[in-house]
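Reading through the C-alpha cells given below for one structure.
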There are 2 protein chains.
Amino acid sequence: MPENHHGSRTQLAADRLRQLIIAGDLRPGQRLSERELGEYVHGLSRTPLREALKVLAAEGLVTISPNRGATVTALSVSEVEDILELIVGLEGLAVERACQRISDAGLAAMEVLHRQLHECFRDGRLMDYFETNQRIHQMLVDAAGNRELSRLYAGECARIRRYRYAGNRQHARWERAIAEHDQMFLALTERDGPLLREMLRAHHRNGWRTARNLVAEELGVEDTADGEGGRY
Amino acid sequence: MPENHHGSRTQLAADRLRQLIIAGDLRPGQRLSERELGEYVHGLSRTPLREALKVLAAEGLVTISPNRGATVTALSVSEVEDILELIVGLEGLAVERACQRISDAGLAAMEVLHRQLHECFRDGRLMDYFETNQRIHQMLVDAAGNRELSRLYAGECARIRRYRYAGNRQHARWERAIAEHDQMFLALTERDGPLLREMLRAHHRNGWRTARNLVAEELGVEDTADGEGGRY
DNA sequence: GCGAAGATTATTGCATGCAATTCGGCAACG
DNA sequence: CGTTGCCGAATTGCATGCAATAATCTTCGC
C-alpha cells in the first residue's frame, strides 16, 4: 500500500482521484462535480479538490470545461493510438540507452520481475500479470537513467492504462505475450538495443491489436482501416 | 500578441506566469509568494494563483514545497541534459514520421520559416532568430501528426528554453547552425528520415555545447566530463 | 402540440477569514 | 562561544460565502 506521506489534502485528493481514474473506477466522460467528490473523499472542501482537478487536468487525466466542470478525460481510439505510438517511441529510446548502461544488479532485478510474470501466467492471475507487466516496462525505461523520460513515460502509460486493459485478453495472446517477454529479456541480457527496440515495437503492436477491438466496441466503433499497416 | 480568450483568472495567471518563466523574466529558484504575485498581476486573489501554481508545478515549471511555497524550478546541468536528450529523442521520432507524411503544403510552410531564419541571421536579429528556430523545430514535430507528441515536445522545450538561450551564441556557431538548417531542410524535402534524424541529433549537440558552458558557469560549474562523449 | 423566452436552480469561479506550519531572532543554557 | 528552546511574524493550507455563469424547467405565444 502506497503511504500518504503528504498530509496535504490537495495531494491526497489528487492521488486518490488519479488512482480511481487510472484503475478505471471512474469511467471516461464521467462528471466530476466538486461538491459531490468532496463528500466522497473524506468530506474535504472544494478548494483542495479544485486544485487537485487542475493538476490532473495538466496530466491529461481529466478535462475541465470553463464554467462547466470537470470530467474524466475520454479518449478516442485514434488518441489512444497516438499516445501508444508515443509510448512505444519513448520506450524504444529508453531501451537503447538501457542496454548500454544497465548494471548486473539491474539485470538481476529485471529477472526477478520476469520470473514473477511467469508465475502470474502459470497461476492465471491476470490482474497481477498486468501489474507486473507494467512494472517490467517501467523498470526497463528507468534503466535508461533519464528521470524526465521515466516521468513522461509513466504519465502517458497512466493515461491509457484503462484502455489497454479494458477487457481481458484472450489466452492465445497471453501465451504469445509471455514468449515475447522471454525473447525481450534475452535481448536485454545480450544488450542488443536495436533488436530489443524492434521486439518491443512488435510486442506493443500485437498487444494493442487485441485490446483495440474491445475499446473500439466500447466507444462505438470508430473503425478506420485495421491497425495492421501500423504506425508504430 | 496572443489574445486572452479565457476570462478565467486562473488561466490568465497560469498563462502570464508561464510566459514570464519561459522567457526568463523570473529567475530559476526565485520565490513565488502568493500574495506578492497577486498584487503583481492585476491584483487578483490568492485562490486562482494557487491553482495556477499547481498547474505550472505539474508542467515542471515551478516547484512547490509543502507549507513552504513555490519557486521557479531550478534545473541542474544534468537535468537540462536529460531533458535535452529527451527532446532530441522525441524530435527524432517525429521527423521519421514527418518525412513519411508531410504534404507539399507542409513543406512550403517550412520553407517560409526557413527563409525567415535566413533573414534573421542576415539582419543579425538574434531574438527573432531564436523564435523562428523554435517554431521551425516545433513545426517539424507537428508534421508527424501526433498531437500528444507535439504537446510533450512543446512542454519540454519550454522547460529548458531559458537555459538554451541563456547567453548569446558566438557568431561562428550561429553560422554553422544556419548551415545545418540548410542541410536539414534538404533532407526533409528528400524525405530522408534517418538522415534527418542524425542531423538533428548533431545539430542539437553542437548547439548545446555552446550554451552548456554559459549555463554551467551561471550555476556554479557542475563540470563533469565535457559533453563530447555525448549521450544523445 | 410545438417552439421560444423567461424564471429557477444548481454549479462553478473567486475572495476572504481563520487555523496550521515554518522561519527568523532572541535568550537561556551548557 | 556554540547550541538549544521558545516566541513572534509571516506564509501557506483550507473552509466558507457570495457573485456569475450555465443548465433546467415553466410558461407563454403561435
Side-chain angles (χ1 to χ4, degrees), chain A residues 2-21 25-74, chain B residues 2-21 25-74:
Chain A
E3 42 182 326
N4 284 330
H5 25 45
H6 319 85
S8 159
R9 291 166 195 267
T10 298
Q11 195 76 19
L12 174 69
D15 289 345
R16 184 107 189 85
L17 279 178
R18 192 182 294 113
Q19 191 179 351
L20 288 173
I21 293 172
D25 295 336
L26 294 172
R27 291 284 178 79
Q30 178 164 346
R31 187 104 187 289
L32 298 174
S33 153
E34 296 175 0
R35 196 175 312 273
E36 202 175 310
L37 284 179
E39 292 168 6
Y40 185 50
V41 181
H42 260 351
L44 43 76
S45 112
R46 290 175 52 216
T47 306
L49 264 173
R50 285 178 59 79
E51 293 177 359
L53 287 174
K54 286 287 199 308
V55 169
L56 295 179
E59 293 174 9
L61 290 172
V62 316
T63 302
I64 295 180
S65 315
N67 288 317
R68 299 190 43 192
T71 59
V72 178
T73 298
Chain B
E3 44 180 327
N4 285 327
H5 24 43
H6 320 84
S8 159
R9 291 167 195 266
T10 299
Q11 195 76 20
L12 173 69
D15 289 345
R16 184 107 190 85
L17 278 177
R18 192 182 293 113
Q19 191 180 351
L20 287 173
I21 293 172
D25 294 336
L26 294 172
R27 290 284 179 81
Q30 179 164 347
R31 186 106 188 289
L32 299 173
S33 153
E34 296 174 0
R35 196 175 311 273
E36 201 175 311
L37 284 180
E39 293 169 6
Y40 184 49
V41 182
H42 259 354
L44 40 75
S45 112
R46 290 175 51 216
T47 306
L49 264 172
R50 284 179 61 79
E51 292 177 0
L53 286 174
K54 285 287 197 307
V55 170
L56 295 180
E59 293 174 8
L61 290 173
V62 316
T63 302
I64 294 180
S65 316
N67 287 317
R68 299 189 42 189
T71 59
V72 178
T73 298

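Throughout, a chain's letter reflects where its sequence line sits, starting with A, and its residues are numbered from 1. When reading the values below, keep in mind they use all heavy atoms of this one structure, side chains included, and skip hydrogens, waters and symmetry mates.
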Next on the checklist: Within residues 49-57 of chain A, which residues have any heavy atom lying less than 4.0 Å from an atom of DNA chain C?
Outcome noted: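 Going residue by residue through residues 49-57 of chain A, the ones with a heavy atom under 4.0 Å of DNA chain C turn out to be R50(A).
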
Next on the checklist: Contact list please: residues 40-48 of chain B against DNA chain C, heavy atoms, distance less than 4.0 Å, in numerical order.
Outcome noted: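 S45(B), R46(B), T47(B), P48(B), in order of number.
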
Checklist outcome for this item: Winner on side-chain proximity to R68(B), out of dT12(C), dC14(C), dT22(C), is dT22(C)

Checklist entry - For the side chain of R9(B), counting heavy atoms from C-beta on, which of dC14(C), dA22(D), dT22(C) is nearest? => result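 Selected nucleotide (nearest to the side chain): dC14(C).
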
Next on the checklist: Using OP1 and OP2 only, check whether a side-chain N or O of T10(B) sits under 4.0 Å from dG13(C).
Outcome noted: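 The answer is no; no side-chain N or O of T10(B) sits under 4.0 Å from OP1 or OP2.
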
Rounded off to whole Å, could you give me the [atom1]-to-[atom2] distance for the [X] and [N] pair?
X	N	atom1	atom2	result
E34(B)	dC14(C)	CD	P	15 Å
E39(A)	dA10(C)	CD	C1'	14 Å
N67(B)	dA10(D)	CG	C1'	13 Å
R31(B)	dT11(D)	CZ	P	7 Å
E36(B)	dT11(D)	CD	C1'	12 Å
I64(A)	dC14(C)	CD1	P	11 Å

Item to check | Among R9(B), H42(B), Q11(B), the one residue meeting side chain to side chain contact (heavy atoms under 4.5 Å, CB included) with P48(B) | outcome: R9(B)

Checklist entry - What residue among L26(A), T71(A), L20(A) forms side chain to side chain contact (heavy atoms under 4.5 Å, CB included) with L32(A)? => result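 For L32(A), the side chain to side chain contact (heavy atoms under 4.5 Å, CB included) test succeeds with only one of L26(A), T71(A), L20(A), which is L26(A).
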
[X] side, atom [atom1]; [Y] side, atom [atom2] - distance, nearest 0.5 Å:
X	Y	atom1	atom2	value
R50(A)	T10(B)	CZ	OG1	6.0 Å
K54(B)	E51(A)	NZ	CD	4.0 Å
Q30(B)	I21(B)	CD	CD1	9.0 Å
L44(B)	L49(B)	CG	CG	5.0 Å

Checklist entry - Which atom names give the shortest non-hydrogen contact between T73(B) and G60(B), and what distance separates them? => result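 The answer is OG1-O, 3.2 Å.
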
Item to check | Salt bridge present between R31(B) and E36(B) (N-O < 4.0 angstrom) | outcome: no

Checklist entry - Does a sphere of radius 6.0 Å around CZ in R16(B) hold more than 12 heavy atoms from other residues, nucleotides or ligands, not counting ones at 6.0 Å or beyond? => result no

